[in-house]
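Step one of this worksheet: look at the structure below.
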Amino acid sequence: MLSTRLKATIRQTYRQIADGLPGFVPRKEQNFLVAEIAKTLTGEYDKQRRILVAEAGTGIGKSLSYAQGAIPVARLTQKKLVISTATVALQEQLIHKDLPFYHRHSELPFRFMLVKGRQRYCCEHLLEQAASGAELANFELDFFLQNTGSLSKSKPSDSDKDRYRALWQAYTEGKWDGDRDNWPEPIPDTCWDRIAADRHTCNKALSHHQHCPFHRARNDMESADVLVVNHALLLSDLTMGGGIILPPPDECIYVLDEAHHLPTIARDHGAASASVKGSRRWLEKLVQSAGKLARTLNKESLLDPQLKLQDALASIQPDLKAVEQWLAANDRLFDGEPHYRFAEGVLPDPLPMLAENLKESSKKALRALDRMQGAIGEALKDGEIRRKEAEPLLAESGFHLQRLESFCALWEMLGRHIPTGKTPLARWMAKSDDGDIWLHASPIEVGYLLEEWLWSKCLGAVLVSATLTALSSFSYFRHQVGLKEHDGTRYLRLRSPFEYQKAELYLPKMAHEPNSPDFTSELVSVLPRMLAGKEASLVLFSSYRQMNEVAAGLRAKGLSLLVQGEASRNALLTLHKQKCDGGQASILFGTGSFSEGLDLPGHYLTNLVITKLPFAVPNSPVEEATAEWVQQRGGNPFLQLTVPEASRKLIQACGRLIRKEADRGRVTILDRRLLTKRYGKGLLDALPPFTRRIE
């Protein structure tokens with residue numbers, strides 16, 4: 001049961017929020033969500049499994065709900081609350097609007113902060129060296145191209161040097177905190193990468209790095225009660241075991257907003273890749289670097305790791321050469337395509353044996369190089385080497401350590417034995433523009449990873465989004481994130497409080513379905529009628545090619561259009577709003593990325609046209625491997641994967657129309673498969689309860 005104290009805190013805060021928010025409308029859905037969050041996190045339903053999956057429709061007020069429900073629980077239990085989002089826009093809303101507002105109207109004292117990855121901060125000492133014109137090893141290592149393993153000898157340009165001096169001056173005068181995002185103008189990647197902090201070089205254990213911007217930000221994190229992060233940073237921490245960047249999972253309560261993005265981001269963090277020729281060139285550089293490290297330090301303690309590193313690298317080269325020769329001999333596998341996927345994730349001989357050898361050799365090399373870098377740090381602490389000499393060595397060895405970690409991860413995944421009946425890995429090779437071949441490996445299901453990394457360890461978690469169900473069920477999402485139907489996890493679906501019946505869902509007659517070659521020309525024919533007399537229209541397409549063909553056809557008929565890709569997203573939206581505010585009709589054309597996160601309330605959108613159901617064709621190796629695995633188990637990839645994903649995306653697309661209480665308008669869907677195919681009814685029934693008009 002919720003304690004009397006906790007109930008009183010939540011109720012009092014709610015009253016103060018109601019008094020402080022102009023036009024506040026009490027909503028039973030929001031009250032219920034707040035209560036369910038608090039009950040779940042305090043273990044009222046299940047003391048061992050304090051997880052809530054909540055789909056909260058537009059207008060409920062998700063961020064204020066989880067602030068009210070989770071922050072009091074975290075404060076009273078003296079645990080960290082980690083709020084993770086998928087987009088920068090939501091992070092900024094939380095940091096600059098929602099959390100400050102809740103803080104002002106809450107009786108609970110708490111501190112909150114935005115937590116960023118290490119690469120968003122400069123290293124104070126690298127910046128100082130860059131501003132003074134000193135040439136560190138970082139200037140010779142092109143970190144922007146580090147995935148290729150290539151080493152660049154390019155030097156900073158004159159404009160880069162001017163920028164470093166300006167950054168250093170602002171930093172020393174306290175006008176800039178070392179955060180890349182807080183500099184008033186964009187800093188080019190090639191310029192930033194020379195001064196960015198990395199975990200090998202900018203090490204807190206070294207006294208002269210303890211006050212670098214990243215470490216100062218981490219010190220602030222220790223005293224913060226609420227940490228706002230993105231899913232990528234959260235997954236980076238979890239893949240390293242947790243507690244490396246963020247506090248350990250067993251000391252945290254999590255709110256995962258925009259949780260429908262979590263499976264894809266988790267899958268990306270579980271993947272690995274490396275190029276073959278690029279890796280061989282880089283490994284040759286590593287041999288030279290190891291020799292330079294040993295000569296510079298000239299310590300007896302370095303002899304053993306140096307010899308082990310040289311032995312490991314000597315073992316790697318012939319095996320990597322054998323892989324390269326096999327790839328060259330089997331070039332026909334590509335058959336003119338940019339990638340070739342190994343069916344069922346099974347590598348042909350002799351690749352499994354070579355992968356196993358490369359895994360073991362690279363692990364030995366990694367251990368030896370780590371010891372060598374540790375020796376540099378020790379020598380610096382003991383005064384055996386000057387900072388000026390140590391910094392470039394740390395930077396260079398740090399670069400190689402990062403490359404070795406990625407290299408080792410790839411061969412571990414390529415060499416991993418998957419028992420019969422267990423979910424395989426997606427394994428494939430791809431050609432790059434320079435003729436090199438990249439090898440890739442990725443999990444196709446990540447639910448078990450999220451269970452291992454997060455659900456089984458955390459004190460509690462709330463997964464929330466406006467679209468977590470597909471075809472009116474949580475089953476698809478539950479499987480994606482590794483939750484079981486009867487594992488104690490709570491599920492809650494709260495419909496939007498908005499009156500969707502005041503908007504219309506219109507399915508007009510169409511002569512052709514989208515798979516017809518005449519569908520595009522029919523769009524050019526019917527869209528002028530759909531757009532005529534409308535103030536603000538958004539037309540969504542499933543492909544750039546079709547969007548551009550239709551745009552050309554309509555412009556030939558005299559229509560004025562704002563088309564995605566012809567200007568930045570922000571520029572298009574600004575122009576669209578200016579036209580709407582000026583009483584002009586405005587027509588936006590966009591693809592799938594415009595169907596999510598686009599907020600056009602009121603008169604900025606009254607006419608939404610969806611040309612085609614958002615069915616994704618499995619054209620990436622991971623999607624192909626997933627479909628293959630489902631089919632092998634007797635399933636139907638289209639019905640089990642494609643249709644549920646299309647349902648979620650269609651709901652998101654339709655959600656662009658009604659953003660505020662008073663919003664009105666029409667959603668038109670030009671895909672008759674909603675009526676002619678068996679799966680259509682499920683897709684239709686999952687949509688908001690618009691008034692329907694079907695021809």
Side-chain angles (χ1 to χ4, degrees), residues 85-97 99-100 111-146 152 154-204 208-221 224 227-233 236 245-246 391 395 398-399 402 567-571 573-574:
T85 78
T87 61
V88 173
L90 182 53
Q91 282 188 326
E92 291 177 345
Q93 178 186 316
L94 286 165
I95 289 295
H96 300 301
K97 181 183 174 186
L99 290 176
R111 293 185 69 245
F112 61 90
M113 68 173 289
L114 179 63
V115 180
K116 301 179 183 180
R118 192 185 298 261
Q119 286 284 315
R120 303 312 295 173
Y121 298 92
C122 77
C123 171
E124 178 180 306
H125 292 278
L126 291 180
L127 176 59
E128 181 184 11
Q129 294 284 345
S132 68
E135 295 182 357
L136 286 175
N138 296 54
F139 287 3
E140 298 178 359
L141 300 179
D142 190 344
F143 289 96
F144 185 62
L145 295 175
Q146 66 176 286
S152 168
S154 62
K155 305 295 184 187
S157 65
D158 289 341
S159 61
D160 286 342
K161 293 175 182 178
D162 291 340
R163 187 176 283 108
Y164 293 136
R165 285 190 284 270
L167 289 168
W168 178 246
Q169 182 176 349
Y171 180 77
T172 54
E173 292 175 357
K175 297 177 181 177
W176 180 57
D177 60 0
D179 182 334
R180 182 180 186 177
D181 302 313
N182 291 341
W183 188 249
E185 57 191 39
I187 302 174
D189 288 340
T190 50
C191 177
W192 179 258
D193 290 339
R194 295 187 183 100
I195 60 170
D198 74 76
R199 64 191 176 94
H200 296 293
T201 309
C202 195
N203 191 328
K204 192 178 181 181
H208 55 288
H209 281 282
Q210 289 177 358
H211 301 291
C212 280
F214 171 77
H215 299 301
R216 284 192 281 110
R218 285 297 175 270
N219 291 338
D220 292 341
M221 189 178 78
L227 308 175
V228 178
V229 305
N230 62 30
H231 293 342
L233 179 64
S236 292
I245 305 170
L246 300 171
E391 290 281 3
F399 167 81
Q402 290 181 39
S568 72
R569 179 178 170 126
N570 284 340
L573 294 180
T574 299

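Just so you know, these numbers come straight off a predicted model, no measurement behind them.
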**Study point:** Point-to-point distance, once rounded to the nearest 0.5 Å, from NE2 of H231 to OG1 of T87
**Key:** 8.5 Å
Practice item. Check whether the side chains of D160 and S157 place a donor and an acceptor atom closer than 3.5 Å, and report yes or no. Key: yes
Exercise for review: Any chance you could measure I245, atom CD1, to K116, atom NZ, to the nearest 0.5 Å?
Suggested key: 14.5 Å
Check your understanding: Between the side chain of Y164 and the main-chain N/O of C191, is any donor-acceptor distance below 3.5 Å?
Key -> yes
Practice item. Could you tell me which non-hydrogen atom of P213 sits nearest to which non-hydrogen atom of D177, and how far apart they are? Key: CB-O, 3.4 Å
Study note, to complete from the structure: d(R163 CZ, I187 CD1) to nearest 0.5 Å is 7.0 Å
Review point. What is the distance from atom CE of M113 to atom CZ of R218, rounded to the nearest 0.5 Å?
Key: 7.0 Å
Review point. If you look at every heavy atom in N230 and L233, which pair is closest and at what distance?
Key: OD1-N, 2.7 Å
Revision key, fill the gap. Tightest non-hydrogen contact, residues Y171 and G178, listed as CD1-N, 4.0 Å
Check your understanding: Which distance, rounded to the nearest 0.5 Å, do you find between the CZ of R194 and the SG of C123?
Key -> 15.5 Å
Point to revise | Interatomic spacing from CD in Q91 to CG in L94 - rounded to 0.5 Å | key: 8.0 Å
**Study point:** For I95 against L114, the heavy-atom pair lying closest together
**Key:** CD1-N, 3.7 Å
Exercise for review: Please report the shortest heavy-atom distance between R165 and D162, naming the atom on each side.
Suggested key: NH2-OD1, 2.6 Å
Practice item. List the steps, then state whether side chain to side chain contact (heavy atoms under 4.5 Å, CB included) holds for W168 with E173. Key: CA-CA 8 Å; W168 178 246; E173 292 175 357; over 6 Å; no
Review point. Hey, is the main chain of D179 close enough, under 3.5 Å, to the side chain of W176 for a donor-acceptor pair?
Key: yes
Check your understanding: Thinking salt bridges, do D189 and R180 make one under a 4.0 Å N-O criterion?
Key -> yes
Exercise for review: Please tell me if the side chains of L167 and W183 come closer than 4.5 Å, counting only heavy atoms from C-beta onward.
Suggested key: yes
Practice item. Mind listing the closest non-hydrogen atom pair of A224 and R111 along with its distance? Key: N-NH1, 3.5 Å
**Study point:** Donor-acceptor pair, side chain of W192 and main chain of Q119, under 3.5 angstrom
**Key:** yes
Practice item. Report the C-alpha separation of L246 and M221 in whole Å, then their side-chain angles, then the decisive distance to 0.1 Å, and conclude whether the side chain to side chain contact (heavy atoms under 4.5 Å, CB included) test is met. Key: CA-CA 9 Å; L246 300 171; M221 189 178 78; 4.2 Å; yes
